[in-house]
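Indexing begins at 1, ligand by ligand and atom by atom, following the structure's order. Starting from 1, each residue takes its place in the sequence as its number.
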Amino acid sequence: MSDDSPRLPVVGTPAPAAPLDLTDDELEDGIRRLKAERNAVILAHYYQESEIQDLADFVGDSLQLSQAAARTDADVIAFCGVHFMAETAKILNPHKVVVVPDLEAGCSLADGCPAPAFARWLERYPGHTVVTYINCSAEVKALSDIICTSSNAVKIVKALAGEKVVFAPDRYLGAFVKKETGRDDIPLWPGTCIVHESFSERRLLELKVRHPDAEIIAHPECHEGILRHAAHVASTSGLIKYARESPTQTFIVATEAGILHKMQAEAPGKTLIAAPPDDESCACNLCPHMRRNTLAKLYLCLRDLQPQVDVPEPIRVKALAPIQRMLELSA
Ligand code: 13P
Ligand code: SF4
């Protein structure tokens, strides 16, 4: 990573103080041992702490993690991400135990779209196909026709040509989809990601002046003030692939800064600069929900098989259909 990267303190709930008096090395050994004893698989998102990514069996974006959850033959899934991701894994695997390091790891997009309000909003759009970003609760998925992630949203909406469509809950991803598909008739739920809305266009341009050869790459959850300067817009896995394959040597990366760990491993020797948030004193480019997960909590969830994620069966069955529709379209 470059010296220009802002110093990013760890935010969120810290690990329990010296849990069981184990060092990080002992925690890592314990996690490996418990994983084998439980026949567990550890799935981790690119926004997790680097120590957790390095221990995981699979690290990926939201779509890849759903696909990995759908095909695993482990008895236990330890999901290192946020709640809606683990919930999706449980919806796909009702007979497996799904544990998370921290049950409180939420998401501003999911939290900003409560199912009762969403149901009332949908009443305004009869006859519309409901396309919902995977960053939502199981109850909201159950009200949807098809789920999408940032890596397939454009493809899915293109596949719905001729149908009236609504999109929720991320208005910036929705605006990006409208632009890419040329459809300006799609009503958007007004949700945002607290991380991606925090990036500063002014500070981004100042950084670009200092690094004129750098390419700006951005996640589509960013607002238009960032996306209009991006050479490439993609999901987390798409951004890593681009940084690896592009001949460019320096990138300004506008997404959660946890991605830099895997991006640097896949693009060795390249200079990666984290895009700056609006507030210089804030580590706002780290997701406080993702950061709730720690090695110690991962150890404890594998040891105790708690906390578990569960979904009531009637909701699970309704939520499964739009997820499966997405997986079929993304195969
Ligand atoms: P992707 O991993 O699908 O790019 O999504 C990013 C994100 O914000 C997950 O919460
Ligand atoms: Fe949700 Fe944003 Fe955190 Fe992703 S980065 S989990 S969209 S709050």
- Item | Polar contact flag, side-chain donor to acceptor under 3.5 angstrom, Q48-N293 | yes
- Query: Nearest to atom 2 (O) of ligand 1, what protein heavy atom do you find, and at what distance?
  - Reply: H45 NE2, 2.6 Å
- Message: With rounding to the nearest 0.5 angstrom, report the NE2 to OG distance, H289 to S108.
- Response: 5.5 Å
- Atoms of ligand 1 under 4.0 Å from any heavy atom of M85, numbered from 1 in the order shown, are 9 (C), 10 (O)
- Query: Closer than 4.0 angstrom: is that true for some heavy atom of S150 and an atom of ligand 1?
  - Reply: yes
- Message: Among all the protein's non-hydrogen atoms, which is closest to atom 10 (O) of ligand 1, and how far away is it?
- Response: N135 ND2, 3.2 Å
- Task: Compare all side-chain heavy atoms of F118 with those of S144 and state whether any distance is below 4.5 angstrom.
- Result: yes
- Message: If I take every N, O or S atom of C193, is at least one of them less than 2.8 Å from atom 2 (Fe) of ligand 2?
- Response: yes
- Query: N/O of S235 under 3.5 Å from N/O of ligand 1, yes or no?
  - Reply: no
- N/O of T149 under 3.5 Å from N/O of ligand 1, yes or no? no
- Message: Tell me the contacting part of E256 for ligand 1: side chain, backbone, both, or neither, using a 4.0 Å heavy-atom threshold, strictly below.
- Response: neither
- Message: Please list, in number order, the atoms of ligand 2 under 4.0 Å from a heavy atom of L109.
- Response: 7 (S)
- Message: So is E256 touching ligand 2 or not, going by heavy atoms under 4.0 Å?
- Response: no
- Task: Report yes if H196 has an N/O atom closer than 3.5 Å to an N/O atom of ligand 1; otherwise report no.
- Result: no
- Using a distance-only test with no angle check, is there a side-chain donor-acceptor pair under 3.5 angstrom linking H229 and E201? yes
- Query: Where the side chain of T248 meets the backbone of E215, is there a donor-acceptor pair that is under 3.5 Å apart?
  - Reply: no
- Query: What are the atoms of ligand 1, with element, lying closer than 4.0 Å to any heavy atom of Y133?
  - Reply: 5 (O)
- So the atoms of ligand 1 within less than 4.0 Å of a heavy atom of T236 turn out to be 1 (P), 2 (O), 4 (O)
- Query: Among all protein non-hydrogen atoms, which one is nearest to atom 3 (Fe) of ligand 2, and what is the separation to 0.1 Å?
  - Reply: C287 SG, 2.4 Å
- Please could you name the atoms of ligand 1 that D61 approaches to less than 4.0 Å, counting only its heavy atoms? 1 (P), 2 (O), 3 (O)
- Note on the structure: Quick note on ligand 2: atoms under 4.0 Å from a heavy atom of N135 include exactly 7 (S)
- Query: For atom 8 (O) of ligand 1, what's the nearest protein heavy atom and its distance?
  - Reply: E221 OE2, 3.0 Å
- Message: Please classify the T255 to ligand 1 contact at 4.0 Å (heavy-atom distances, strictly less than): side chain, backbone, both or neither.
- Response: neither
- salt_bridge(R316, E313) N-O dist < 4.0 Å: yes
- Do any N/O atoms on S62 end up under 3.5 angstrom from N/O atoms on ligand 1? yes
- Message: I'd like to know if Q64 contacts ligand 1, where contact means a heavy-atom distance under 4.0 Å to any ligand atom.
- Response: no
- Query: N/O/S atom of C107 under 2.8 Å from atom 1 (Fe) of ligand 2, yes or no?
  - Reply: yes
- For the side chain of R38 and the backbone of R303, is there at least one donor-acceptor N/O pair under 3.5 Å apart? yes
- Item | atom 4 (O) of ligand 1 - nearest protein heavy atom and its distance | H219 NE2, 2.7 Å
- Message: Suppose I only count heavy atoms of Y47 and a 4.0 Å limit; which atoms of ligand 1 are within that range?
- Response: 6 (C), 7 (C), 8 (O)
- Message: Heavy-atom distances under 4.0 Å decide this one: backbone, side chain, both or neither, for D170 against ligand 2?
- Response: neither
- Query: Counting each atom of ligand 2 from 1 as listed, which ones have a heavy atom of Y47 under 4.0 Å away?
  - Reply: 5 (S)
- Query: Is there a donor-acceptor contact under 3.5 Å from the side chain of W189 to the main chain of G112?
  - Reply: yes
